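Structure record follows, encoded as structure tokens.
Since the model is a prediction, treat every value here as computed from it, not as a measurement.
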Amino acid sequence: MQNGKVIAYSSRQLKIHERNYPTHYLELVVVVFALKTRRHYLYGVQVDVFTDHKSLQYIFKQKELNLRQRRWLELLKDYDISILYHPGKTNVVADVLRRLSIGSTSYVKEGKKELSRDMHKLA
């Protein structure tokens, strides 16, 4: 988002081995994917990542990481990034995206229709 408006979306399917990852790994996979695909926009600027997964904000403070997490953390350290927790009910953008991934915008509440229209314009 920029100035409160959505400017881009990205998505991909999970790889076969990623289907076995726990939820907190999958949340981190999403962050790493976004940083890799948008790196030319994100280098040198402050990046705020909003997630509804609370444990992700502690990734920088963990003492024991496995090799995969260390590799991801090395990538995250290249950016000026802060991971902020937003409870699911207040994270409107993620909520709309999840509902749209069902395949229909009929689930989108009245107050979120403008965001839904913006998303369809980008597609």
Side-chain angles (χ1 to χ4, degrees):
M1 295 182 75
Q2 190 173 36
N3 299 327
K5 296 283 186 176
V6 176
I7 57 170
Y9 291 96
S10 297
S11 67
R12 70 171 178 88
Q13 289 184 342
L14 290 177
K15 296 175 182 163
I16 294 172
H17 63 277
E18 290 174 341
R19 293 179 186 170
N20 298 324
Y21 286 2
T23 307
H24 62 280
Y25 275 30
L26 292 176
E27 291 282 334
L28 198 52
V29 166
V30 170
V31 172
V32 168
F33 172 72
L35 291 175
K36 284 182 177 179
T37 57
R38 306 285 182 207
R39 67 180 169 267
H40 47 285
Y41 296 114
L42 302 176
Y43 270 131
V45 297
Q46 168 64 31
V47 179
D48 292 328
V49 175
F50 296 98
T51 180
D52 61 350
H53 199 76
K54 193 169 190 168
S55 68
L56 192 61
Q57 67 183 350
Y58 302 111
I59 187 72
F60 297 112
K61 298 175 185 174
Q62 287 182 353
K63 294 185 181 193
E64 301 217 5
L65 299 170
N66 63 30
L67 292 175
R68 182 181 302 119
Q69 289 173 319
R70 287 184 205 166
R71 187 174 65 242
W72 289 339
L73 197 57
E74 287 297 318
L75 178 84
L76 292 176
K77 287 184 179 180
D78 289 343
Y79 298 89
D80 184 12
I81 187 171
S82 58
I83 299 176
L84 307 169
Y85 170 69
H86 261 329
K89 291 181 181 179
T90 62
N91 200 353
V92 176
V93 175
D95 193 33
V96 171
L97 289 176
R98 285 187 189 126
R99 291 179 184 187
L100 287 176
S101 67
I102 294 171
S104 173
T105 58
S106 63
Y107 294 105
V108 180
K109 291 182 182 176
E110 190 63 37
K112 301 174 187 174
K113 294 245 186 227
E114 182 180 326
L115 181 60
S116 174
R117 282 191 292 272
D118 289 345
M119 289 175 47
H120 285 293
K121 287 178 186 176
L122 289 172

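- Cluster membership for Val47 and Leu73, using ILVMFWY side-chain heavy atoms within less than 4.5 angstrom, is shared.
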Scan the side chains in residues 31-40 for donor-acceptor partners under 3.5 Å anywhere in the protein, sequence neighbours excluded, and list what turns up.
residue : atom : partner : partner atom : Å
Thr37   : OG1  : Phe33   : O            : 3.0
Thr37   : OG1  : Ala34   : O            : 3.3
Arg38   : NH2  : Tyr9    : O            : 3.2
Arg38   : NH2  : Ser10   : OG           : 2.9
Arg39   : NH1  : Lys36   : O            : 2.6

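- Listed by first then second residue, pairs satisfying ring-ring contact (aromatic ring centres under 6.0 Å, His included) with a partner in residues 54-75 read Tyr25-Trp72, not counting sequence neighbours.
- One finds the CD atom of Gln69 at 13.0 Å from the CD atom of Glu74 (value rounded to the nearest 0.5 Å).
- Residue Gln62 qualifies as enclosed at atom CD: its count of foreign heavy atoms under 6.0 Å is above 12.
- A donor-acceptor distance shorter than 3.5 angstrom exists from the side chain of Asn66 to the backbone of Arg68, with no hydrogens or angles considered.
- Every salt bridge (Lys or Arg N to Asp or Glu O under 4.0 Å) that Arg12 has, sequence neighbours left out, goes to Glu18.
- Note that CG of Leu28 and CD1 of Ile83 are 6.5 Å apart. Values are rounded to the nearest 0.5 Å.
- Within 6.0 Å of the OH atom in Tyr41, the count of heavy atoms belonging to other residues, nucleotides or ligands does not exceed 12.
- The nearest pair of heavy atoms linking Ile81 to Leu76 is CG2-O, 3.5 Å.
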List the steps, then state whether side-chain contact (heavy atoms from CB on, under 4.5 Å) holds for Tyr85 with Leu56.
CA-CA 8 Å; Tyr85 170 69; Leu56 192 61; over 6 Å; no
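- Leu65 and Leu67 fall into different hydrophobic clusters, where Ile, Leu, Val, Met, Phe, Trp and Tyr are joined by side-chain heavy atoms under 4.5 Å apart, directly or via other members.
- More than 12 non-hydrogen atoms from other residues, nucleotides or ligands lie less than 6.0 angstrom from CG of Leu84.
- Glu27 is not listed as a side-chain neighbour of His24, based on a closest heavy-atom distance of 4.5 Å or more.
- No chain of hydrophobic side-chain contacts below 4.5 Å, direct or via other Ile, Leu, Val, Met, Phe, Trp or Tyr residues, connects Leu42 to Val30.
- Side chains of Leu14 and Leu26 form a contact here, defined as non-hydrogen atoms less than 4.5 Å apart.
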